[in-house]
Amino acid sequence: MGAARAAGVTHALHLLRPHGDRTWIVTTDADSRVPPHWLAHQLHHARRGWHCIVGTVRLAHRPVLPVTTVARHNAHYFAGRPAWPLLWCHPHVHGANLGIAAGPYRAAGGFPALAHGEDRALVAALERRGCRILRTDECPVRTSGRPDPRAPHGFGTFLRQLSLDLALDLDRDLAAPVVVPGDRSGDLRS
């Protein structure tokens, strides 16, 4: 993924070279849907001097995932989120909701040619360079909750693992003896 993202950005920056470092790079995924005001949101923060916008995602309504998988996802994803009206400086990085100024992008080396995690690696490189990074939940992107992941280390794989962990928990719960107070039907001493 990293090489593909890097190639796309390199080509776009070549086409937009007259605009130089004023170019704002945004990325999303083919199976994601950005809100209508997403680009305006990105540019609003870029004009205020942010070098990178790291946004959040929400599970799309289709395909329908089991309620328990969605609940596990939400418990994990939103852990540590403060109550409204406090802003959430979240820990997530998604190529599905990312914006970067061209100058800092180039200075950080761009998207590394990694099989996965290129988005997190780029944001980490920007952090090491002292770039101003806004982690915001103000404009989340809807992303697929497909249970048949295409990327072995992607978001779909994470959701599948949540489902499998749930199945393992259920198997453990079913294998554990059920003790009902006052019930002696399983008591071998009778």
Side-chain angles (χ1 to χ4, degrees), residues 1-60 70 73-114 116-145 151 153-156 158-159:
M1 275 302 286
R5 282 194 200 271
V9 172
T10 298
H11 180 69
L13 290 176
H14 175 74
L15 295 174
L16 297 168
R17 68 184 171 275
H19 301 285
D21 289 347
R22 293 180 306 140
T23 301
W24 186 256
I25 302 159
V26 291
T27 68
T28 191
D29 291 342
D31 63 350
S32 297
R33 177 169 284 159
V34 301
H37 63 288
W38 180 70
L39 190 53
H41 166 80
Q42 291 269 338
L43 294 175
H44 168 79
H45 290 295
R47 282 188 218 99
R48 282 170 173 61
W50 292 99
H51 299 126
C52 179
I53 310 298
V54 181
T56 54
V57 297
R58 298 292 187 277
L59 293 174
V70 173
H73 165 268
N74 290 345
H76 172 80
Y77 195 84
F78 297 109
R81 183 180 189 179
W84 187 88
L86 298 176
L87 296 179
W88 184 33
C89 182
H90 65 86
H92 310 292
V93 177
H94 303 284
N97 193 354
L98 191 60
I100 314 111
Y105 173 85
R106 286 187 187 108
F111 283 111
L114 300 173
H116 59 86
E118 74 285 348
D119 45 5
R120 290 184 296 281
L122 174 58
V123 171
L126 292 166
E127 287 172 336
R128 285 191 301 275
R129 296 189 63 77
C131 292
R132 294 189 67 218
I133 299 172
L134 176 63
R135 292 175 173 271
T136 178
D137 188 40
E138 291 176 347
C139 194
V141 167
R142 288 271 173 202
T143 195
S144 174
H153 298 280
F155 192 63
F158 171 70
L159 292 174

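Positions are given from 1, in the same order as the sequence printed here. Values below: all heavy atoms of this structure, side chains included; hydrogens, waters and symmetry mates excluded.
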Item to check | Check: R17 side chain, H14 main-chain N or O, donor-acceptor pair, under 3.5 Å | outcome: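 Judged by distance alone, yes, a pair lies under 3.5 Å.
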
Side chain to side chain, [X] and [Y], heavy atoms closer than 4.5 Å:
X	Y	result
V141	D29	no
H51	R129	no
E118	T27	no

Next on the checklist: Could you measure the distance from the CG atom of L16 to the CD1 atom of I25? Nearest 0.5 Å is fine.
Outcome noted: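 The CG atom of L16 sits 9.5 Å away from the CD1 atom of I25.
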
Item to check | Straight-line distance of R81 CZ to W88 CH2, nearest 0.5 Å | outcome: 5.5 Å

Item to check | Lys/Arg-Asp/Glu bridge criterion (N-O < 4.0 Å) met for D21, R106 | outcome: yes

Next on the checklist: How about CZ on R132, more than 12 heavy atoms from neighbouring residues, nucleotides or ligands closer than 6.0 Å, or not?
Outcome noted: yes

Next on the checklist: Just checking R33: does its CZ atom have more than 12 heavy atoms from other residues, nucleotides or ligands closer to it than 6.0 angstrom?
Outcome noted: no

If you look at every heavy atom in [X] and [Y], which pair is closest and at what distance?
X	Y	result
L122	G110	CD1-O, 3.5 Å
G145	L159	CA-CD1, 3.5 Å
W24	I53	CZ2-CG1, 3.5 Å
A60	R142	CA-CD, 4.0 Å

Compile the donor-acceptor pairs under 3.5 Å between side chains in residues 90-105 and protein atoms, sequence neighbours left out, one pair per line.
{"residue": "H90", "atom": "ND1", "partner": "H92", "partner atom": "N", "Å": "3.1"}
{"residue": "H90", "atom": "ND1", "partner": "H92", "partner atom": "O", "Å": "3.3"}
{"residue": "H90", "atom": "NE2", "partner": "V54", "partner atom": "O", "Å": "2.8"}
{"residue": "H90", "atom": "NE2", "partner": "T136", "partner atom": "N", "Å": "3.4"}
{"residue": "H90", "atom": "NE2", "partner": "T136", "partner atom": "O", "Å": "3.4"}
{"residue": "H92", "atom": "NE2", "partner": "Y77", "partner atom": "O", "Å": "2.8"}
{"residue": "H94", "atom": "NE2", "partner": "Y77", "partner atom": "OH", "Å": "2.8"}
{"residue": "N97", "atom": "OD1", "partner": "W38", "partner atom": "NE1", "Å": "2.7"}
{"residue": "N97", "atom": "ND2", "partner": "T56", "partner atom": "O", "Å": "2.8"}
{"residue": "N97", "atom": "ND2", "partner": "C139", "partner atom": "O", "Å": "3.1"}
{"residue": "Y105", "atom": "OH", "partner": "F111", "partner atom": "N", "Å": "3.2"}

Next on the checklist: Can you tell me which residue among N74, T143, D137 is in a side-chain hydrogen bond (donor to acceptor under 3.5 Å, both in side chains) with R58?
Outcome noted: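 Going through the options one by one, the only one that passes is D137.
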
Next on the checklist: R135 vs V123, test: side-chain contact (heavy atoms from CB on, under 4.5 Å). Steps then yes/no.
Outcome noted: CA-CA 11 Å; R135 292 175 173 271; V123 171; 3.7 Å; yes

Item to check | Results of side chain to side chain contact (heavy atoms under 4.5 Å, CB included) for R22 - residues two or more places apart only | outcome: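 So R22 forms a side chain to side chain contact (heavy atoms under 4.5 Å, CB included) with H19.
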
